[in-house]
Amino acid sequence: MQIVKDSSESLMVVINDILDFSKIEAGKFELEVCPFDLRKTAIDAIRTLEARAKQKGLMLNSYLADDLPKMLLGDAARLRQVLLNLLGNAVKFTDQGSVKLTVSISHQDASQVLLHFMVSDTGIGIAADKLEHIFEAFSQADNSVTRQYGGTGLGLAICSKLVDMMQGEIRVKSELGQGSQFIFTAVFALVQADAHSANPQATPLDQAH
Ligand code: ADP
């Protein structure tokens, strides 16, 4: 039963990736603009991967800057998708050590904030000649990666397009055998004070760093 469940989940990921990618390519993809809790979104993504990281004996940590705005306007589901993809890859391609998510403010004015996200790992790293193609669709570091780790090579292409739509940039720093750092920025509108008070409850997640 576990094999059937795992296989259907993997298939679901592939189907969703293909659908998302086609929709973006067709220009039919739009981001939602709704209030969301930034800290909760980041911590939810970490929690989703906790079991997988634990199974591999990896440390999985998040460092969320103290001055992050609580509520923002944007597409929380798509931000979560980018985070899950990067964190998922980090866990997938790391056999020893740790995976870390850092979120901080890059720039802020009265109406919006530019956030800086970094997902770093101590995994297998990426060879220099593969780095420049890593955000292209169906691109994987090499065939042995597909054999060993599976995947479609669509995840980063989707991340790159979503980050583009969030008026940000994505880049990677990596060396073979030396781990990887995926860094992206994204712009979100700030929720003005009156709308903010509609969601005043501090959840226990606020204490998690
Ligand atoms: P997939 O993971 O489905 O193969 P992605 O687009 O997410 O597709 O990743 C493309 C390729 O980039 C991967 O196959 C792998 O070769 C490389 N890659 C992505 N993230 C990492 C990472 N954290 N460490 C090492 N290699 C990575």
Side-chain angles (χ1 to χ4, degrees), residues 6-26 29 42 45-63 75 77-103 116-166 168-186:
D6 290 349
S7 306
S8 51
E9 278 169 6
S10 306
L11 191 58
M12 206 51 197
V13 171
V14 174
I15 293 172
N16 283 333
D17 275 359
I18 294 171
L19 286 176
D20 278 349
F21 191 76
S22 320
K23 207 166 171 187
I24 297 171
E25 286 283 274
F29 192 93
I46 289 280
R47 291 211 171 138
T48 306
L49 288 159
E50 245 160 23
R52 219 183 296 167
K54 198 170 165 200
Q55 230 172 30
K56 295 185 78 176
L58 302 175
M59 298 266 292
L60 179 59
N61 293 317
S62 58
Y63 300 90
D75 197 325
R78 296 306 175 172
L79 172 61
R80 186 170 178 276
Q81 182 176 358
V82 176
L83 290 173
L84 276 181
N85 221 305
L86 298 181
L87 288 165
N89 277 347
V91 171
K92 176 158 100 171
F93 294 109
T94 303
D95 293 323
Q96 251 180 17
S98 63
V99 169
K100 189 169 82 180
L101 167 68
T102 311
V103 187
H116 181 275
F117 298 85
M118 185 168 81
V119 174
S120 45
D121 67 59
T122 57
I124 62 172
I126 303 163
D129 61 326
K130 307 290 182 216
L131 270 183
E132 55 182 317
H133 301 293
I134 216 78
F135 295 105
E136 291 166 12
F138 304 111
S139 165
Q140 296 188 309
D142 58 51
N143 292 337
S144 65
V145 165
T146 321
R147 255 197 325 276
Q148 197 178 341
Y149 299 94
T152 57
L154 273 178
L156 287 178
I158 294 170
C159 285
S160 161
K161 292 194 185 276
L162 290 177
V163 166
D164 239 24
M165 293 177 79
M166 295 180 199
E169 283 171 12
I170 188 164
R171 62 197 165 88
V172 57
K173 290 187 210 166
S174 184
E175 265 179 61
L176 209 53
Q178 301 295 316
S180 308
Q181 285 186 337
F182 284 84
I183 295 153
F184 73 95
T185 53

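Just so you know, ligand 1 is whichever comes first in the structure, and atom 1 is the first atom listed for that ligand. These figures come from a predicted structure and were not determined experimentally. For reference, positions follow the sequence shown, starting with 1.
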(message) Tell me whether the count of non-hydrogen atoms from other residues, nucleotides or ligands lying under 6.0 Å of CD in Glu9 goes above 12.
(response) yes
(message) Please check if the number of heavy atoms outside Met165 that lie under 6.0 Å from its CE is greater than 12.
(response) yes
(request) Return the set of residues passing ring pair (Phe, Tyr, Trp, His ring centres under 6.0 Å) with Phe184 (not counting sequence neighbours), or none when no residue passes. (result) Phe117
(message) Any heavy atom of Ser180 closer to ligand 1 than 4.0 angstrom?
(response) yes
(request) Answer yes or no for Phe135: is there a heavy-atom contact with ligand 1 below 4.0 Å? (result) no
(request) Let me know which of Asn61, Leu86, Leu60, Val119 forms a side chain to side chain contact (heavy atoms under 4.5 Å, CB included) with Leu101. (result) Val119
(message) Would Leu156 count as being in polar contact with ligand 1, using the rule that some N or O on each side must be under 3.5 angstrom apart?
(response) yes
(message) For ligand 1, which is the ligand I care about here, please tell me if Gly153 has any N or O atom under 3.5 Å from one of the ligand's N or O atoms.
(response) yes
(message) Which residues pass the side chain to side chain contact (heavy atoms under 4.5 Å, CB included) test with Ile24, not counting sequence neighbours?
(response)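 With sequence neighbours excluded, Ile24 shows a side chain to side chain contact (heavy atoms under 4.5 Å, CB included) to Phe29, Ile158, Lys161, Leu162, given in chain and number order.
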(message) Once you restrict to heavy atoms under 4.0 Å, what part of Thr94 touches ligand 1? Side chain, backbone, both or neither.
(response) neither
(request) Mind checking whether Lys130 contacts ligand 1 via backbone (N, CA, C, O), side chain (CB onward), both or neither, at a 4.0 Å heavy-atom cut-off? (result)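 Looking at Lys130 and ligand 1, no heavy atom falls under 4.0 Å.
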Out of all atoms in ligand 1, which are within 4.0 Å of some heavy atom of [X]? Include the element for each.
X      : value
Leu154 : 6 (O), 8 (O)
Ile134 : 12 (O), 17 (C)
Ala90  : 23 (N)
Gly125 : 25 (C)

(message) Side chains of Arg78 and Gln81: any donor to acceptor distance under 3.5 Å?
(response)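 The criterion, which ignores hydrogens and geometry beyond distance, is satisfied for Arg78 and Gln81.
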(message) side-chain contact (heavy atoms from CB on, under 4.5 Å) for Ile183 and His116? Distances and angles first, verdict last.
(response) CA-CA 7 Å; Ile183 295 153; His116 181 275; 3.4 Å; yes
